2 protein chains.
Amino acid sequence: MTVRALRHYDEIGLLSAGERTGSGHRRYTEDDLRRLYRVRSLRSLGLSLEEIAGVLAEPAGDLAAMRVLLTAQLRGLEARAVQLQQLTRQLRGLLARIDSASMPDPDQFMTTLEMISVFETYFTPEQREQLAQRRTELGGTAIEAARTEWAGLVEELLCHVRDETPVDDPRVRDLVARWDTLGNRFHVDGQGGERTKTAARRMWDDNSEEIGPSLPWPADRMRNLLAYLERVRQQLG
Amino acid sequence: MTVRALRHYDEIGLLSAGERTGSGHRRYTEDDLRRLYRVRSLRSLGLSLEEIAGVLAEPAGDLAAMRVLLTAQLRGLEARAVQLQQLTRQLRGLLARIDSASMPDPDQFMTTLEMISVFETYFTPEQREQLAQRRTELGGTAIEAARTEWAGLVEELLCHVRDETPVDDPRVRDLVARWDTLGNRFHVDGQGGERTKTAARRMWDDNSEEIGPSLPWPADRMRNLLAYLERVRQQLG
DNA sequence: CTTGAACCCGCCGTAACGGAAGGTCCTACC
DNA sequence: GGTAGGACCTTCCGTTACGGCGGGTTCAAG
C-alpha cells in the first residue's frame with residue numbers, strides 16, 4: 001500500500017480521510033481503516049474501484065449486490081482461464097517448432113505467423129475450437145508436420161504465382177493436389193446453413209466478400225494465391 | 001481490425017502505409033499487409049506493440065530473438081494461470097459462504113473481507129502458500145467452518161474490547177482459548193531464523209513494528225484486539 | 001535551530017486504442 | 001453535372017489505477 005494510492009482513492013472519492021490536522025495532513029480514523037481493508041480485499045478479488053465504490057455505497061453490506069458482482073467476476077476469470085490455456089498451447093507449439101530442426105527457416109516461420117493471423121481473422125471461435133479438437137484427435141506430431149508442410153506449400157506456390165508458372169505444369173499440379181489433400185483433413189462447418197467448406201475455400205470467399213470492399217487494397221497475396229489454386233483445380237477438372 | 005488501430009500503428013511507427021494517394025489517403029502495399037499479419041499474430045500471442053516492433057526491426061526474421069520473447073511470454077502466462085487459480089478458489093469459497101445459511105450476517109461477511117486484506121498484507125506469499133496447503137490438508141468444509149468461527153470470534157472479542165470487559169471474565173477466557181485453539185492449527189514459519197509464530201502473534205508484531213511508524217494512525221482496531229488477547233493470555237498464564 | 005524525512009498539491013505519463021469534432025474526398029445516383 | 005452519403009483525414013480528449021516529479025510546507029529528533 002503506497003501513500004500515492006491513498007491519495008488516489010481520495011481523489012476519486014472512494015476513501016477520504018475522515019479528519020484533517022490543522023496543517024492539512026490526512027488523519028485516517030478507525031472507520032477509514034476498516035473501509036480501506038474492505039477496499040483492498042475487494043480489489044485483490046479483482047473488482048474495479050468503480051465496482052467497489054458501488055457495493056460500499058450500499059447501506060452497510062448488501063450481500064445480494066456483492067454476490068452478483070463476485071459471480072460475474074468468477075465467470076470472467078473462468079473465461080480468461082480458457083483463453084489462457086489456448087494461448088499457452090499455441091505458444092508451446094510455436095516454441096517446439098522453433099526448437100525442432102524442422103523449422104530452421106525464418107521466412108517459413110514468418111509465413112506461419114501470417115497464417116495464424118489469417119486464421120484468427122477468417123474463422124469464428126467455434127470453428128477454431130472445432131479445428132483445435134481435430135488437432136487433438138490427430139495428435140501433436142501429425143498436426144505439426146501438417147503445419148510445416150502447409151507453410152512450405154504456401155511458399156512454393158507463391159513462387160509459382162510470381163513466376164506465372166502455367167497452371168498445367170506438372171509441378172504445380174502436384175503442389176495443388178497436396179494442398180487439397182492437406183486441406184481436406186481440416187474441413188470446418190460453415191456458418192448457418194452453408195455447406196461444409198475447406199479452410200482454403202472459406203478464406204477465399206471471405207477474402208473477396210468481406211475484406212475487398214472494406215479496405216482500399218485487395219488482399220493481393222492471398223487472393224492471387226487462392227485464385228491460382230482455383231485455376232489449377234479447374235484444369236484438374 | 002479497426003481503422004483506428006491502423007492509425008495507431010502508424011502513429012507509433014510500427015506500421016506505416018507505404019504510399020499515400022494524392023489526397024493523403026493511406027495506401028497499404030502488399031508488404032504492409034504481410035507486416036500487418038505478423039503484427040496481429042504476435043499481438044494475439046500476447047506480445048506488446050513495443051516488443052513486436054523490436055522483433056520486426058531485426059533483419060528479416062530473427063528466430064533467436066523471437067524464441068526468447070515467446071519463452072518469456074509463456075512463463076508469464078504460467079504465472080498468471082497460477083494467480084488465476086488462486087483467485088478462482090477464493091471467489092468460490094466466498095460465494096459458497098454467502099450462499100450457505102452459515103453467513104447470513106452482512107457485518108460478519110464484511111469482517112471476513114477485512115481479514116482477507118490483513119492476511120494479504122501481513123503474510124508473505126510463501127506463508128500464504130503454506131496456509132493454502134494446510135487448507136487443502138484440512139479439507140474445504142473444515143476450513144470454512146474455521147473461517148466462520150474466526151470471524152465470529154473477532155466480532156465477539158471486539159465487543160468485549162469496546163465494553164472493556166475485564167480480562168479475567170470467564171466468557172473472555174473461553175473466547176481467547178477458542179481463538180488460540182483455532183490459531184494453533186495455522187502455524188506458519190517466520191521469516192529468516194525466527195521462531196514459529198501463530199498467525200495472531202505475527203499479525204501483532206508486524207502491526208506494531210511496520211504499520212505503526214509508517215502511518216499517522218495506529219491500526220487501532222487490530223492493535224486493541226490483539227493487545228487485549230495478550231492481556232487475557234497473561235492472565236491465563 | 002537545523003536537518004532529514006514525510007507530507008501537501010498539481011501536473012504529466014502509462015498501453016492500446018475508442019470516440020468525437022470539424023473538415024476533405026470519393027463514388028454512385030439522378 | 002450536381003448532390004448525398006459514406007469513408008477518410010487530422011487533432012484532441014478519455015479510459016485504469018495508480019507512479020513519479022517538482023516545488024513548497026510541516027514534523028520530530030538531535
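In this text, all values refer to a predicted model and were calculated from it rather than measured experimentally. Proteins get letters first, then strands, A, B, ... in listed order; numbering begins at 1 in each.
- Taking atom CZ of residue B:R27 and atom P of nucleotide D:dA7, one finds them 17 Å apart after rounding to whole Å.
- Here the C1' atom of nucleotide D:dT10 and the CG atom of B:L6 are 16 Å apart, to the nearest Å.
- Between A:I12 atom CD1 and D:dG19 atom P there is a gap of 13 Å when expressed in whole angstrom units.
- Listed by chain and number, the residues in a side chain to side chain contact (heavy atoms under 4.5 Å, CB included) with B:A53 are B:L14 (sequence neighbours excluded).
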Collect all protein-nucleotide pairs involving nucleotides 24-26 of chain C in which both atoms are nitrogen or oxygen and the distance is under 3.5 Å.
residue: C:dC26; atom: OP1; partner: B:S23; partner atom: OG; Å: 3.2

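- Contact check, A:T2 against D:dC18: no side-chain N or O comes under 4.0 Å of OP1 or OP2.
- Listed by chain and number, the residues in a salt bridge (Lys or Arg N to Asp or Glu O under 4.0 Å) with A:R20 are A:D10 (sequence neighbours excluded).
- A search for side chain to side chain contact (heavy atoms under 4.5 Å, CB included) contacts involving B:Q83 returns nothing, not counting sequence neighbours.
- Rounding to whole angstrom units, CD of residue A:E51 and C1' of D:dT16 are separated by 12 Å.
- Residues B:L15 and B:L56 fail the side-chain proximity criterion, which asks for heavy atoms closer than 4.5 Å.
- At least one side-chain heavy atom of A:Y9 sits under 4.5 Å from a side-chain heavy atom of A:V39.
- Qualifying side-chain hydrogen bond (donor to acceptor under 3.5 Å, both in side chains) partners for A:T2, counting only residues two or more places apart in sequence or in other chains: none.
- Here D:dA17 is the nucleotide among C:dC8, D:dA17, D:dC9 with the atom lying nearest to any side-chain atom of A:H8.
- With sequence neighbours excluded, the residues forming a side-chain hydrogen bond (donor to acceptor under 3.5 Å, both in side chains) with B:S44 are A:E120, listed by chain and number.
- Rotation axes derived from the C1' atoms of the five outermost pairs at either end of the helix from C:dC1-D:dG30 to C:dC30-D:dG1 lie 10° apart, to the nearest 10°.
- Considering only side-chain N and O atoms, B:Y9 lies under 4.0 angstrom from the phosphate OP1 or OP2 of C:dC17.
- Taking A:E11 as the reference, A:R7 meet the salt bridge (Lys or Arg N to Asp or Glu O under 4.0 Å) condition, with sequence neighbours excluded.
- Applying the salt bridge (Lys or Arg N to Asp or Glu O under 4.0 Å) rule to pairs touching residues 64-86 of chain B yields A:R92-B:E78, A:D99-B:R67, sequence neighbours excluded.
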What are the atom names and distances for every N/O pair under 3.5 Å that joins the protein to nucleotides 9-13 of chain C?
residue: C:dC9; atom: OP1; partner: A:R20; partner atom: NH1; Å: 3.3
residue: C:dC9; atom: OP2; partner: A:R7; partner atom: NH1; Å: 3.1
residue: C:dC9; atom: OP2; partner: A:R26; partner atom: NH1; Å: 3.1
residue: C:dC9; atom: OP2; partner: A:R26; partner atom: NH2; Å: 2.8

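- Applying the side chain to side chain contact (heavy atoms under 4.5 Å, CB included) criterion to B:L91, with sequence neighbours excluded, gives A:L45, A:L70, A:Q73, A:L74, A:L77.
- D:dC18 atom C1' lies 13 Å from atom CD1 of A:I52, rounded to whole Å.
- With sequence neighbours excluded, no residue satisfies side-chain hydrogen bond (donor to acceptor under 3.5 Å, both in side chains) with A:R35.
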